[in-house]
Amino acid sequence: MAKGSNIVHQYFKKEFDEFTILVKVNPLQFKGTEITIHKNGKTEIRDLEFDADILDDLKVDGFEAASPIEFNLYHTGLA
């Protein structure tokens with residue numbers, strides 16, 4: 001088994017008036033993915049690198065825990 005393959009990612013969500021942001025965070029490597037879902041259905045996906053304070057930053061910014069299923073439906077284009 002490859003090193004790091006047992007990482008449990010953490011998922012977060014925040015809704016705005018015009019869009020919703022879903023974030024997947026690898027809490028060990030501080031990498032992740034952000035999906036912006038616009039109200040018109042358009043999605044934007046970005047791979048990101050975070051600093052060690054990402055979990056605190058998301059909390060301060062009002063992000064809440066989210067469903068991995070919701071994230072992965074948008075990430076694969078099934079939603």
Side-chain angles (χ1 to χ4, degrees):
M1 193 174 297
K3 182 178 179 183
S5 64
N6 291 327
I7 295 169
V8 177
H9 292 91
Q10 293 178 274
Y11 298 85
F12 301 90
K13 178 179 183 176
K14 184 170 181 180
E15 294 187 28
F16 298 88
D17 290 338
E18 298 297 320
F19 55 90
T20 299
I21 296 178
L22 297 170
V23 181
K24 176 176 81 171
V25 177
N26 174 327
L28 300 178
Q29 297 174 345
F30 303 113
K31 294 182 180 185
T33 304
E34 176 185 272
I35 302 173
T36 302
I37 307 152
H38 298 271
K39 296 297 180 193
N40 66 6
K42 178 183 173 190
T43 60
E44 299 174 38
I45 299 174
R46 299 186 311 148
D47 290 325
L48 302 171
E49 292 192 23
F50 305 114
D51 62 26
D53 296 325
I54 185 58
L55 299 178
D56 291 332
D57 292 344
L58 288 168
K59 185 175 180 179
V60 167
D61 289 342
F63 281 79
E64 297 180 356
S67 165
I69 293 172
E70 180 181 17
F71 180 92
N72 284 300
L73 285 171
Y74 280 103
H75 193 253
T76 59
L78 295 174

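All values reported here derive from a predicted model rather than from experimental measurement.
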Residues clustering with I69 (ILVMFWY side chains joined when closer than 4.5 Å, directly or via others): L73, L78
E64: which residues meet the side-chain hydrogen bond (donor to acceptor under 3.5 Å, both in side chains) condition with it, sequence neighbours left out? none
Under a 4.5 Å side-chain heavy-atom rule over Ile, Leu, Val, Met, Phe, Trp and Tyr, are L22 and I45 clustered together? yes
Listed partners of K24 passing salt bridge (charged side-chain N to carboxylate O under 4.0 Å, His left out), at least two apart: none
With side chains defined as the heavy atoms from C-beta onward, is the minimum distance between K31 and V25 less than 4.5 Å? no
Crowding at NZ, K39 (>12 non-hydrogen neighbours, <6.0 Å): yes
Quick one: closest heavy-atom pair of I7 and P27, and the distance? CG2-CD, 4.1 Å
Kindly write out the residues that satisfy side chain to side chain contact (heavy atoms under 4.5 Å, CB included) with K14, not counting sequence neighbours, or none if the list is empty. F16, F63
Taking ring pair (Phe, Tyr, Trp, His ring centres under 6.0 Å) as the definition, give me every residue that meets it alongside Y11, ordered by chain and number, with sequence neighbours left out. F71
Results of side chain to side chain contact (heavy atoms under 4.5 Å, CB included) for D47 - residues two or more places apart only: T33
Hey, could you give me each pair passing ring pair (Phe, Tyr, Trp, His ring centres under 6.0 Å) that has a residue in residues 26-58? Not counting sequence neighbours. none
Residues passing the side chain to side chain contact (heavy atoms under 4.5 Å, CB included) test with D51, sequence neighbours excluded, are D53, D57
Applying side-chain hydrogen bond (donor to acceptor under 3.5 Å, both in side chains) as the test, list every pair that has at least one member in residues 70-79; sequence neighbours left out. K13-E70
When you compare the side chain of E34 with that of I21, does any pair of heavy atoms fall below 4.5 Å? yes
Drop me the distance from F19's CZ to E44's CD, to the nearest 0.5 angstrom. 9.5 Å
